[in-house]
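Chain letters run A, B, ... following the sequence lines, proteins first, then strands; residues in each count from 1. The shown structure was predicted, so the numbers you read here are calculated from the model rather than taken from an experiment.
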Amino acid sequence: MNYLDELNDIQRKAVTHIHGPVLVIAGPGSGKTRVLTYRIAHLVKEGIPPWEILALTFTNKAAREMKERITKVVGTKANRIWAGTFHSIFARILRSEATKIGYPADFSIYDTSDTRSAITEIVKSQGLDTKTYRANMIYSKISMAKNNLINPIEYKNDGERLLLDKQQKVPYVYKIYDLYVKKLQRAGAMDFDDLLYQMHRLLSENPENVVEKYREKFKYVLVDEFQDTNQLQYSIIQHLVKYDGSPQNICAVGDDAQSIYAFRGATIQNILDFEKDYPALKIYKLEQNYRSTHHIVQAANTVISRNRRQLKKTIFTEKGEGQPIRVVRAMSDNEEARHVVESILEQQHRKHYKHEDFAILYRTNAQSRVFEESLKRRRIPYKIYGGMSFYDRKEIKDCLAYLRVVVNPRDEEALKRIINYPARAIGATTIEKLTQIAAQQSWSLWEVIKRAHTLNFAKRTSKALREFASMIGLFQEKLATDNAYDLASYVVRMSGILKDLRKDKTTEGQSRVENVQELLDGIKSFVDNDEILEQAAHVEDKSLTSYLQNVILLTDLDTDEENTNRVKLMSVHSAKGLEFKSVFIVGLEENLFPSLMSIKSNDRNAIDEERRLFYVAITRAEEELTLLYSTSRYRFGKMVYNNTSRFLEEISPKNLQMDGTRSSARISGAGMSKQAVMRKSFARKTSNSTYKKSSSFQPSPIQKIVTGANIIHERFGPGKVISMDGSGMDKIATILFDQAGEKRILLKYAKIQVK
DNA sequence: ACGCGGCTTCTTTTT
DNA sequence: GAAGCCGCGT
């Protein structure tokens with residue numbers, strides 16, 4: 001079977017048009033990944049060496065899956081393709097080129113918390129207030145600057161920026177930015193943005209003609225999710241593709257309607273500029289949606305039509321009409337969760353879905369908790385993506401910090417983490433002194449520690465420092481000979497981490513020991529060339545350095561679990577590019593989705609971005625889509641009452657099926673005056689007590705439910721049992737409800753009262 | 001030097 | 001409802 005036969009006309013054109021610049025505008029579910037994959041396969045078939053192809057994807061997982069699919073067409077040489085995220089590909093390149101721009105080849109990568117703590121330190125050192133100069137805020141300003149190619153000098157000379165900072169009462173951000181850049185350089189460290197920024201520097205400063213090398217190398221460049229690239233990323237692509245005599249073999253794939261990363265500098269301006277920068281550009285529009293039913297596609301279209309500034313396209317589907325989108329009102333976040341879980345069970349039964357066919361999508365990661373609890377209670381296997389990940393755990397960070405220091409002792413954030421863990425009598429006072437000396441002498445902290453004996457520290461402290469230095473020295477000696485696993489397990493044992501963790505006999509303590517073991521197992525499989533890491537297939541380098549640089553850029557979406565048959569919980573952002581048979585979008589309330597921030601900013605662009613986010617969420621669903629909101633929920637341990645999300649009202653009622661906790665439930669606010677909404681929400685609150693009574697609803701025993709019985713269902717209200725099937729615990733009743741219509745109910749979970 | 005406990009603030013969203 | 005910060009007691 002020829003792969004070209006699996007494509008529609010436009011897709012095939014986009015795949016086979018391999019020379020010159022191409023832009024593919026691809027609506028949701030339009031076979032974008034398929035085009036990208038087959039295009040690469042086609043390139044290889046046409047005789048292009050795989051290592052001359054650079055494919056920048058949004059997740060490492062996407063890259064890996066693409067490679068797997070390409071392998072089926074062209075064989076194992078597909079592994080030689082340079083495919084990965086911007087960050088991971090550039091980290092890999094920088095590793096071999098870093099010395100050209102003043103970084104060690106073994107540079108560290110600072111994660112968000114390293115970055116934050118580095119900033120806080122600078123703020124303190126400048127005698128500024130850490131409450132006014134909040135690390136998160138400064139970080140996002142610095143990040144924005146880098147992503148817009150503004151260096152500290154330019155920042156300082158940018159009147160507009162300075163004025164804005166002044167208005168926000170943080171006039172010294174420019175100074176912090178400058179010190180921050182210097183601090184990281186001294187530490188031989190790059191933050192996430194630097195992986196792009198320094199790559200850009202490498203290409204634009206072009207030491208030793210390095211840019212020619214990469215232009216020569218990457219003859220074909222493909223960029224996925226182009227709408228989510230920022231100016232910095234665009235500029236890097238320009239360096240690689242746009243130059244005199246370039247064949248301009250660039251293919252960008254994206255959808256302006258799905259641009260959801262403006263907060264990190266992404267701009268659809270890139271799509272618009274693209275046309276200008278490449279006059280020969282050929283545009284293909286993929287408008288047929290192969291994913292979702294008519295109701296879902298239509299709802300998505302209606303919602304997104306409210307946004308201004310869009311590229312014109314019409315998404316259509318030939319899939320059937322499908323089920324209307326269900327809307328469910330809950331009284332509390334807990335009830336919302338309960339409802340989702342019950343619906344999952346009901347749908348599993350009715351449509352024979354597996355766990356993995358479901359996704360619960362939310363605006364903020366903090367919402368995951370209640371769903372986790374409900375799923376656990378019903379023993380439904382699930383996996384939460386994002387939020388607190390394995391690598392965020394303290395014990396894991398401590399271990400990794402040791403390894404980072406061994407590889408790069410100038411890595412100050414890692415060093416500070418472990419210098420007194422496990423406790424070895426090097427306290428805050430000592431560290432303060434060391435830091436001061438480091439600043440005075442412009443040494444790194446590590447150099448000061450090594451020379452501590454020449455400085456007058458107390459005898460006890462001096463000894464502690466000497467022992468620490470020699471321990472790290474011992475580890476470093478093994479760097480040249482040991483592989484990552486041998487070295488890591490040696491470090492974990494000899495540093496005393498394991499011993500310290502084992503002291504704690506509680507369950508949590510035990511699980512920390514297990515986590516460290518799991519980390520070591522992960523390093524082992526990296527060394528043994530298992531596929532846990534995306535690039536393992538062609539990263540020959542099994543050193544610790546190589547491991548560290550790879551591991552930090554992994555997200556949990558990238559790591560495939562053995563048992564994938566689980567309900568997936570994730571933020572809408574994380575769900576980009578994924579699809580599920582049945583999707584639940586939860587927390588559809590004002591101040592949550594759209595987020596409070598976007599409403600407060602009073603910026604239409606911010607709301608438009610939230611709407612695109614909602615569009616992304618809707619279009620993840622293939623067959624079943626359920627939208628939920630709650631009239632009350634806990635936030636910061638306090639009860640808050642939100643209004644229904646405006647987005648719900650933007651979907652045409654003909655695509656919706658109301659399905660509240662009580663038959664009288666309607667979307668509040670839809671077509672109502674503001675006063676009416678207020679009245680209604682007041683009424684709702686007072687009716688809360690009535691509802692509480694109904695939660696003490698007494699279900700009748702299963703035996704009592706028989707054909708012909710008149711019953712009341714906790715959610716669907718009154719109805720009549722039409723027929724019964726199944727046996728024992730799996731008995732099912734088909735019930736005709738007065739309001740909700742005919743439903744098949746699995747009795748073991750349903751709460752039904754016989755009248 | 002170090003750990004504990006009470007205090008505040010915090011929440012978008014990700015590499 | 002957690003995580004970081006500060007101050008106090010050992």
Test of understanding: with ring-ring contact (aromatic ring centres under 6.0 Å, His included), list the residues that count as partners of [X], not counting sequence neighbours.
X	answer
A:His239	A:His200
A:Tyr177	A:Tyr155
A:Phe192	none

Under 5.5 Å between ring centres and under 30° between planes: true for A:Phe636 and the base of B:dT11?
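Not stacked: fails the 5.5 Å / 30° test.
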Listed by chain and number, what are the salt bridge (charged side-chain N to carboxylate O under 4.0 Å, His left out) partners of A:Asp193, not counting sequence neighbours?
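Checked A:Asp193 against salt bridge (charged side-chain N to carboxylate O under 4.0 Å, His left out); zero matches.
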Measuring from the side chain of A:Lys131 (C-beta onward, heavy atoms only), which nucleotide among B:dT9, C:dA2, B:dT11 has the closest atom?
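When the side chain of A:Lys131 is considered, B:dT9 is the closest of B:dT9, C:dA2, B:dT11.
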Can you list, by residue number, the residues of residues 223-237 of chain A that have a non-hydrogen atom closer than 4.0 angstrom to DNA chain B?
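Per residue number, the list is empty: none.
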Those residues of residues 253-261 of chain A lying under 4.0 Å from DNA chain B by at least one heavy atom:
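Of all residues in residues 253-261 of chain A, the ones placing a heavy atom under 4.0 Å from DNA chain B are A:Tyr261.
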If you restrict it to nitrogen or oxygen atoms, what contacts under 3.5 Å exist between nucleotides 7-10 of chain C and the protein, and what is each distance?
none

Acceptor/donor pairs from residues 262-269 of chain A side chains to any protein atom, 3.5 angstrom cut, sequence neighbours excluded:
unit_1, atom_1, unit_2, atom_2, d
A:Thr267, OG1, A:Gln269, N, 2.8
A:Gln269, NE2, A:Asp273, OD1, 3.2

Counterpart residues, side-chain contact (heavy atoms from CB on, under 4.5 Å), relative to A:Ala366 (two or more places apart)
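Applying side-chain contact (heavy atoms from CB on, under 4.5 Å) to A:Ala366 gives A:Thr364.
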Residue list, side-chain contact (heavy atoms from CB on, under 4.5 Å) with A:Asp114, at least two apart or on another chain
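Applying side-chain contact (heavy atoms from CB on, under 4.5 Å) to A:Asp114 gives A:Tyr110, A:Asp111, A:Arg404, A:Glu413.
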Base, sugar-phosphate, or nothing for A:Ser595, non-hydrogen atoms under 4.0 angstrom?
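Base contact.
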Residue pairs involving residues 128-144 of chain A (criterion salt bridge (Lys or Arg N to Asp or Glu O under 4.0 Å); sequence neighbours excluded):
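Pairs touching residues 128-144 of chain A that pass the test: A:Lys141-A:Asp165.
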For residues 627-640 of chain A, which residue pairs pass the salt bridge (Lys or Arg N to Asp or Glu O under 4.0 Å) check, not counting sequence neighbours?
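Found A:Glu336-A:Arg633, A:Glu589-A:Arg633.
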